[in-house]
Amino acid sequence: MACIDQKNLQPFVSPQIFDSCKSLKLLKQSHAQILKSPSPPNPKLTIKLVASYGKLGDLDSAVLAFDQFPQYPDAFLFNSLIQAYNSNSLFRWSLEIYTQMLNSGISPNQYTFPLLVKACSSSFMLRHGTQIHGHSVKLGFSSNPFVGVSMIDMYMKNGEIESARLMFDGMLERDVVSWNALLTGYTQNGKPEEALGVYNRMRKEGVDTNFVSITNVINACSQMRFLHQGKWIHSWVFKTGFEADIIIGTALLDMYANSADLGFAKQIFEEMITKDLIAWNCLISCSAQNGLIEDSFKLFIEMQGSGLKPNGSSLAGILPAVARCGALHLGKSCHGFAIRNGLDLDEYVMTALIDVYAKSGDLIAARRLFDFIPTKSVVAWSSMIAGYGSHGFCAEALMLFEKMLASKFKPNYITYIGVLSACAHSGFVKEGREYFRRMVTQHGIIPNVQHYTCMVDMLARAGLLDEAMDLIKTMPTEPSPGIWGALLGGCKIHSHVELGKFAAERLFELNSSDPGFYVLLSNIYAAANMWSEVRKMRELMRERGLRKPAGWSSIEIGKKVHCFISHDISHADSNVIYQKLEELMEEICKAGYIPETKVVLHDVEDDVKEDMLRSHSEKLAMAYGLLKTAPGTPIRIMKNLRTCEDCHVAAKFISKVTGREIVLRDAIRFHHIKEGACTCRDYW
DNA sequence: ATAGGGTTAG
């Protein structure tokens with residue numbers, strides 16, 4: 001009998017049999033069969049069994065199979081268990097198994113190290129990774145090309161570019177994969193020039209580049225917004241027939257979208273033979289980032305029509321567009337969609353929603369979500385900090401930043417933009433200077449134009465115009481339009497005609513076609529009663545075909561957005577709105593409101609001016625909000641341009657006499673107006 | 001029998 005069993009068992013237990021075990025049930029049946037066999041399982045079989053359990057995600061059974069084979073534990077067996085943990089993303093356990101391996105006196109082999117290094121790089125355990133690197137050197141495996149490549153990858157994924165480079169330079173044998181690891185590392189770390197340099201060297205040295213290399217070159221071109229070379233690559237890809245590859249297709253799509261050639265991106269998308277979730281997501285998020293909110297929603301729906309189920313990234317992709325238009329109800333319904341579809345715990349979705357809530361004026365909801373996220377990324381911290389800053393809550397922003405540092409998080413350059421702009425919006429000059437310094441000394445971040453813009457903005461608003469000018473002079477790069485714009489804004493607040501004129505001239509030299517700058521300078525002249533200059537500015541604008549964009553304000557009532565322009569009489573409730581406005585004006589005048597006619601308008605009689613101010617879009621929206629919402633509800637208004645000074649004063653009085661909180665989002669910040677005061681401290 | 005590099009996203 002025993003003999004027959006053996007015979008029958010022999011073909012049955014060949015290791016290959018597990019490859020066809022697609023289900024755990026089948027695998028367990030085979031496992032049971034082996035255990036019934038009178039002879040002990042052979043090593044090959046156990047290893048295959050452990051690996052198969054690992055692939056199917058049943059680690060308990062993998063360990064069980066591992067333990068059933070205590071006779072000859074060796075590196076092979078341990079490796080397969082480590083791989084089982086790796087493939088289930090249980091990287092700490094992989095290292096744990098390695099420790100057990102060493103403790104039981106088994107030496108790792110050359111196959112062990114890539115597995116361990118992968119575990120470290122995937123879970124950002126750089127310190128452990130460096131230790132493993134040391135072990136591999138000691139045991140003489142560091143010159144193995146597989147070990148080397150995994151090491152390059154680990155250092156690159158952890159931002160240790162120098163160490164990766166050293167590893168690469170020290171390698172004795174290099175093949176496409178090791179070159180690609182270096183190339184990929186540079187693109188992943190945002191160093192497209194270096195990446196292209198590596199690619200050129202590869203070609204010079206005759207390395208056979210493959211589709212991985214090409215994907216990364218496209219990626220690098222995409223980062224450089226270097227469409228010229230990108231197009232060349234595209235035609236090259238086309239010729240070699242790589243285009244059918246979906247990953248290359250997606251990389252191309254991303255490149256065109258990043259170079260603001262969305263039309264071309266769409267064309268590539270249309271031409272893709274199979275469109276997977278990633279390709280859809282890419283186009284959705286590109287549309288959203290280019291402000292095409294309707295397109296991104298349409299694509300989101302179309303994608304579902306084509307039978308694909310959106311994942312967290314799909315939803316996170318449209319959320320920046322939602323944040324941009326600041327429609328709270330839309331943000332909430334996206335949040336609802338996330339909950340209904342089990343995407344509300346997705347890290348990207350949660351983080352994007354923080355931004356949506358903050359930019360829609362609901363900071364409390366943003367903070368609630370922030371506190372809820374168990375493992376907050378740098379982006380989550382940065383969004384929340386920037387949220388507080390834009391609403392004028394600088395102290396809260398800085399407190400959160402300190403908390404972030406205390407929890408051992410490394411801020412990046414975006415975090416610092418949030419911190420510095422928070423200081424700028426609230427006039428925290430002393431703190432701003434200090435953080436600007438610490439950014440360099442403590443975190444090694446070289447300030448870029450955006451950081452300088454925050455600083456100039458901060459100093460100029462605070463009236464430290466000379467210091468702002470000095471800072472501009474010490475900038476390592478050419479001042480951007482944004483820099484001069486910030487200085488010009490400060491000159492407007494502090495009525496500095498000369499410097500304002502200087503800043504504006506620099507802007508006009510740079511061919512800035514933003515009509516806002518012309519209007520700013522014109523307003524500076526108006527405030528100084530220099531009417532002939534004002535007229536000249538108007539003529540200049542007309543000559544250059546620039547027009548001040550029409551201002552509008554919107555307010556959400558229920559699920560509907562109501563939009564107003566100045567003197568708007570198109571609304572169905574127009575009569576009631578003007579009546580309400582009339583009452584409000586009477587009430588706030590009693591409370592001490594005096595219309596700010598001086599700067600806002602000129603060339604008109606005073607009583608006419610008052611009348612014109614009275615029907616500004618902000619005021620119409622406020623009146624409508626007061627009519628349509630229950631007492632005590634905050635009124636959230638959005639304006640496309642900067643807030644008008646008179647409307648700002650009026651809003652403060654309105655908040656006082658009605659007891660309402662008014663949250664007003666203008667082109668660059670929020671005003672929280674409560675009990676007659678605003679978080680901007682009249683300073684914006 | 002066990003090992004290395006590639007696509008989207010705040």
Side-chain angles (χ1 to χ4, degrees), chain A residues 14-16 18 42-52 54 74-84 86 108-118 121 141 144-154 156-157 171 175-185 187-188 210-219 222 242 245-255 257-258 272 276-286 288-289 311-320 323 346-356 376-384 386 414:
Chain A
S14 91
Q16 281 76 22
F18 297 131
N42 70 33
K44 280 186 193 177
L45 210 54
T46 313
I47 288 166
K48 195 77 192 184
L49 199 52
V50 170
S52 302
D74 61 357
F76 285 95
L77 186 57
F78 274 100
N79 290 348
S80 64
L81 191 60
I82 293 173
Q83 170 70 314
N86 265 2
N109 64 13
Q110 57 183 16
Y111 287 80
T112 316
F113 287 101
L115 290 168
L116 297 172
V117 174
K118 179 108 186 169
S121 79
F141 292 123
N144 175 295
F146 283 80
V147 178
V149 162
S150 60
M151 222 65 96
I152 293 173
D153 183 54
M154 180 194 73
M156 281 299 197
K157 286 216 167 74
M171 279 177 90
D175 59 7
V176 213
V177 182
S178 37
W179 279 97
N180 282 346
L182 191 70
L183 176 59
T184 308
T187 51
Q188 280 171 348
N210 63 10
F211 53 95
V212 176
S213 333
I214 295 305
T215 308
N216 278 287
V217 170
I218 296 172
N219 218 327
S222 164
F242 272 137
D245 186 293
I246 193 156
I247 293 180
I248 291 196
T250 311
L252 280 171
L253 172 58
D254 178 60
M255 179 185 75
N258 265 338
M272 284 171 87
D276 66 354
L277 196 61
I278 294 175
W280 278 98
N281 287 355
C282 181
L283 196 62
I284 290 172
S285 72
C286 289
Q289 274 165 23
N311 65 2
S313 302
S314 327
L315 188 59
I318 53 172
L319 290 176
D346 182 280
E347 190 202 330
Y348 290 132
V349 171
M350 287 193 288
T351 311
L353 278 172
I354 291 178
D355 199 41
V356 168
K376 302 171 188 38
S377 65
V378 183
V379 185
W381 285 96
S382 305
S383 299
M384 196 63 231
I414 297 173

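For clarity, every value in this text was computed on a predicted model and none was experimentally measured. Residue numbering restarts at 1 for every chain, and letters A, B, ... go by the order of the sequence lines.
- For Phe211(A), the side-chain atoms get nearest to dG6(B) when compared with the rest of dT8(B), dA3(B), dG6(B).
- The distance from atom CG of Asn311(A) to atom P of dT7(B) is 16 Å, rounded to the nearest whole Å.
- Side chain of Phe76(A), nearest nucleotide from dA1(B), dG6(B), dT7(B): dA1(B).
- Asn281(A) and Asn311(A) share a side-chain donor-acceptor pair at under 3.5 Å.
- A straight line from CG of Leu45(A) to C1' of dA1(B) spans 10 Å, rounded to a whole angstrom.
- Here the P atom of nucleotide dT2(B) and the CG atom of Leu116(A) are 17 Å apart, to the nearest Å.
- Regarding Lys118(A), its NZ atom lies at a distance of 10 Å from the C1' atom of dA3(B), rounded to whole Å.
- Here dA3(B) presents its P atom at 12 Å from CD of Gln110(A), a figure rounded to the nearest Å.
- The interatomic distance linking Gln188(A) (CD) with dA9(B) (P) rounds to 13 Å, in whole Å.
- Considering only side-chain atoms of Asn79(A), the nucleotide from dG4(B), dT7(B), dT2(B) that sits closest is dT2(B).
- Aromatic stacking is not marked for Tyr111(A) over dA3(B), as the cut-offs of 5.5 Å for the centres and 30° for the planes do not both hold.
- You won't find any donor-acceptor pair under 3.5 Å spanning the side chain of Asn219(A) and the base of dG6(B), going by distance alone.
- Residue ring and base: Phe113(A) does not count as stacked with dA3(B) (centre distance below 5.5 Å and interplanar angle below 30° not both satisfied).
- Between dG6(B), dG4(B), dA3(B), one nucleotide has an atom nearer to the side chain of Leu115(A) than all others, and that is dA3(B).
- Residue contacts for Thr184(A): at a heavy-atom cut-off of 4.0 Å it reaches the sugar-phosphate backbone alone, with no base atom in range.
- Across every non-hydrogen atom of Val117(A) and Ser150(A), the tightest pair is CG1-O, 3.2 Å.
- Closest contact between the side chain of Asn281(A) and the listed nucleotides dG4(B), dG6(B), dT8(B) involves dT8(B).
- The distance between atom CG of Asn86(A) and atom P of dG4(B), rounded to the nearest whole Å, is 9 Å.
- There is no side-chain donor-acceptor pair under 3.5 Å between Asn219(A) and Ser222(A).
- Taking side-chain N and O atoms only, Lys157(A) has no distance below 4.0 Å to OP1 or OP2 of dG4(B).
- Contacts of Ser80(A) with the nucleic acid, taken as non-hydrogen atoms under 4.0 Å apart, are absent.
- Taking the side chain of Lys48(A) as heavy atoms from C-beta on, and the options dG4(B), dT2(B), dT7(B), the nearest nucleotide is dT2(B).
- With sequence neighbours excluded, no residue forms a side chain to side chain donor-acceptor pair (under 3.5 Å) with Ser121(A).
- If you measure from atom CD of Gln83(A) to atom C1' of dG4(B), you get 12 Å, rounded to the nearest angstrom.
- Residues that satisfy the side chain to side chain contact (heavy atoms under 4.5 Å, CB included) test with Pro108(A), not counting sequence neighbours, are Tyr98(A), Met101(A), Leu102(A), Thr112(A), Phe113(A), Leu139(A).
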